[in-house]
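Worksheet: one structure, shown below.
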Protein chains: 2
Amino acid sequence: MATPSNHTQTADETIHGRGLRMTDQRRAVYDVIMGERDHPTAVEVFTRVRSKVPTISLATVYNCLDTLTGCGLVKTVAHERESARYCPNLEEHAHFFCEACKAVTDLPLRSRKKPEDVWEFPGEFAIASHEVSFSGTCPKCSAKPAKSNKR
Amino acid sequence: MATPSNHTQTADETIHGRGLRMTDQRRAVYDVIMGERDHPTAVEVFTRVRSKVPTISLATVYNCLDTLTGCGLVKTVAHERESARYCPNLEEHAHFFCEACKAVTDLPLRSRKKPEDVWEFPGEFAIASHEVSFSGTCPKCSAKPAKSNKR
DNA sequence: ATCTAAATAGGAATAATTCTTGATAAGGAC
DNA sequence: GTCCTTATCAAGAATTATTCCTATTTAGAT
Ligand SMILES: [Mn+2]
Ligand SMILES: [Mn+2]
Ligand SMILES: [Zn+2]
Ligand SMILES: [Zn+2]
C-alpha cells in the first residue's frame, strides 16, 4: 500500500498552487508520512527523514509539516497533552489511541452517519471542523495479557 | 444556577473515599470551577481562586485540578495544542470551540445516540473514553460581522 | 549570470506543565 | 492534649514540545 510516486505529482501541484515550492525537504517529509499508515510524531518523522535528507533540521520538519497540513496534504492529530501526530489519511475518520501499546488506529466514518447528528447544537453553530478520538485497548492488546506489542 | 454548597458535601465524600483530604485549596478550586459554566484554563482558575485563597500557588492549582479530575469531580478538556481547560459538566457531552470569540460550549449527547455507532471499529476495541470537539463559529459570532464578543 | 524572495539549519526562546524540596498542617494513636 | 506519620503546600527549577530568530542557501524568474 501507499504509492508515493503517484501522490507526488498531485502534491507538487497542490504545493505549487499555493505559490510554494516543492523542496527536497518537503517531499521527503511528505513521502515519509505517506509511506506508512501510522501516525508519527514530529520527532519520529525527523528521524525517518534523516535517512533521505541527513542535514534536515527538526525546525524544518516542523515547518514542512505545517506547510503540508496547511495545503491539506497531511492531517495533524492531537490527543490530550501528548505531542502532535501526523496522519496520511485524508478521508474523514476518527482515531483510536491504545493506552497499552500507544498505537493509533483510523476509524472510518460509517456510511450515512454524521457526527453532528449525535450531539445537540443549541443554536446556529457553523461547524468548520471536528476531531474525534477514542481511547482504550486495541484488539491486539485486549487479546494478550499485558503489554507485549512492539514500540 | 450552580449550587456549590450542595455539591460540596458529595465532593468531600468523594475525596475522602480516596483517602485524600478536602483542603481549603481543593475546595476553592472546585468551587471556582463549579461556580461558572465556562471552561477556564489552569491560569484562569488560578487567578479566580486567588481571591479566596490569596497564597495559593499555580503548582497547587495544577495539583488540585489533577486530584479533582482523578476523582471524577471535574473534567479536563483538550483542544489542539492549546492549554488544557476544565469543565464542571459531568454529563457526557462534546465541545464546540468558537474560533472567533474562543468560547467553549457544551454539546449534550442526543438521547438514544451513541458516538461509537458513527465510526467503524475494525476489531475488538475496548473503549475506555472518548473526546469530541467541533470548531467553527458560535451563534453569537455568526450573527455579528466580526469579533465583537467579550473576553 | 544575476537577482529576489522563499526556504533552510541551527540555535535561542517560549509556554504549559511537571518535578523537587523543605516547610506546614491534619488526623489518628496514645 | 501531645506525638507521630503522612499528605499537602509554596516556590522555584526543570522539562518538553513547539515556535521564533537570523544568517545563509537555494529555487526560479529575468
Ligand atoms: Mn488518521
Ligand atoms: Mn464541557
Ligand atoms: Zn494496543
Ligand atoms: Zn463565538
Side-chain angles (χ1 to χ4, degrees), chain A residues 8 11-30 32 39-47 49-71 73-86 97 102 104, chain B residues 11-30 32 39-47 49-71 73-86 102 104:
Chain A
T8 308
D12 273 41
E13 291 170 0
T14 306
I15 294 260
H16 288 148
R18 300 245 179 166
L20 303 174
R21 304 169 189 163
M22 179 52 100
T23 62
D24 288 353
Q25 289 87 345
R26 282 176 183 160
R27 193 190 318 277
V29 167
Y30 179 70
V32 156
H39 296 77
T41 63
V43 171
E44 286 168 341
V45 171
F46 179 51
T47 61
V49 161
R50 280 213 278 193
S51 49
K52 297 195 77 170
V53 186
T55 60
I56 198 170
S57 71
L58 179 56
T60 297
V61 169
Y62 272 107
N63 282 337
C64 293
L65 290 169
D66 224 50
T67 303
L68 293 171
T69 301
C71 291
L73 293 168
V74 158
K75 279 185 180 172
T76 305
V77 180
H79 180 59
E80 296 177 355
R81 303 270 87 236
E82 296 166 17
S83 32
R85 294 174 171 276
Y86 298 87
F97 294 83
K102 304 296 178 195
V104 181
Chain B
D12 272 42
E13 290 171 0
T14 307
I15 294 260
H16 289 149
R18 300 244 179 166
L20 302 174
R21 303 170 190 160
M22 179 53 101
T23 62
D24 288 352
Q25 289 87 344
R26 282 176 183 158
R27 193 190 316 278
V29 168
Y30 179 70
V32 156
H39 296 77
T41 63
V43 171
E44 287 168 342
V45 171
F46 178 51
T47 60
V49 160
R50 280 212 277 191
S51 48
K52 297 196 79 172
V53 186
T55 60
I56 198 170
S57 72
L58 179 56
T60 297
V61 169
Y62 272 107
N63 282 336
C64 293
L65 289 169
D66 223 50
T67 302
L68 293 171
T69 300
C71 291
L73 294 168
V74 158
K75 278 186 181 172
T76 305
V77 180
H79 180 60
E80 296 178 355
R81 299 281 78 241
E82 296 166 16
S83 30
R85 294 173 171 276
Y86 298 87
K102 303 296 176 196
V104 182

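Being a predicted model, the structure only gives us computed values, none of them experimental.
Side chains of B/V49 and B/C64 form no contact here, defined as non-hydrogen atoms less than 4.5 Å apart. With contacts defined as side-chain heavy-atom distances shorter than 4.5 Å, the pair A/T67/A/V29 does not qualify. Using a 4.5 Å heavy-atom cutoff, the side chains of A/I15 and A/R21 are not in contact. Contact of the B/R26 side chain with the B/L20 side chain is registered, since non-hydrogen atoms from C-beta on lie closer than 4.5 Å. With a 4.5 Å cut-off on side-chain heavy atoms, B/V43 and B/V45 do not count as touching. In this structure, B/E44 and B/V32 have side chains that are not in contact, with every pair of non-hydrogen atoms separated by 4.5 Å or more.
Salt bridge A/K52/A/D24: absent, no basic N to carboxylate O contact under 4.0 Å.
For the pair B/L58 CG and C/dA16 C1', the interatomic distance rounds to 9 Å; values are reported in whole Å. Taking atom CZ of residue B/F46 and atom P of nucleotide C/dA16, one finds them 13 Å apart after rounding to whole Å. Rounded to an integer number of Å, the gap from A/R50 CZ to C/dA9 P is 11 Å. For B/I56 and C/dA23, the CD1 to P distance is 21 Å, given to the nearest whole Å. Nucleotide C/dT17 holds its C1' atom 16 Å from the CD atom of B/E82, rounded to whole Å. For the pair A/L20 CG and C/dA6 P, the interatomic distance rounds to 9 Å; values are reported in whole Å. B/R21 has its CZ atom 9 Å from the P atom of C/dG28, to the nearest Å. Rounded to whole Å, the distance from CZ on A/R81 to P on C/dA16 is 10 Å.
Interface residues of residues 59-69 of chain A facing DNA chain D, ordered by number: A/A59, A/Y62; criterion, heavy-atom separation under 4.0 Å.
Nearest nucleotide to the side chain of A/S57, out of C/dA9, C/dA26, C/dT8: C/dA9.
In the model, A/T69 has a side-chain atom that pairs as donor or acceptor with a side-chain atom of A/T76 under 3.5 Å.
On the nucleic acid side, DNA chain D has its first and last nucleotide under 4.0 Å of a heavy atom of chain B at D/dT6 to D/dT18, going 5' to 3'.
Scored by the side chain to side chain donor-acceptor pair (under 3.5 Å) test, B/T23 finds no partners at all (sequence neighbours excluded).
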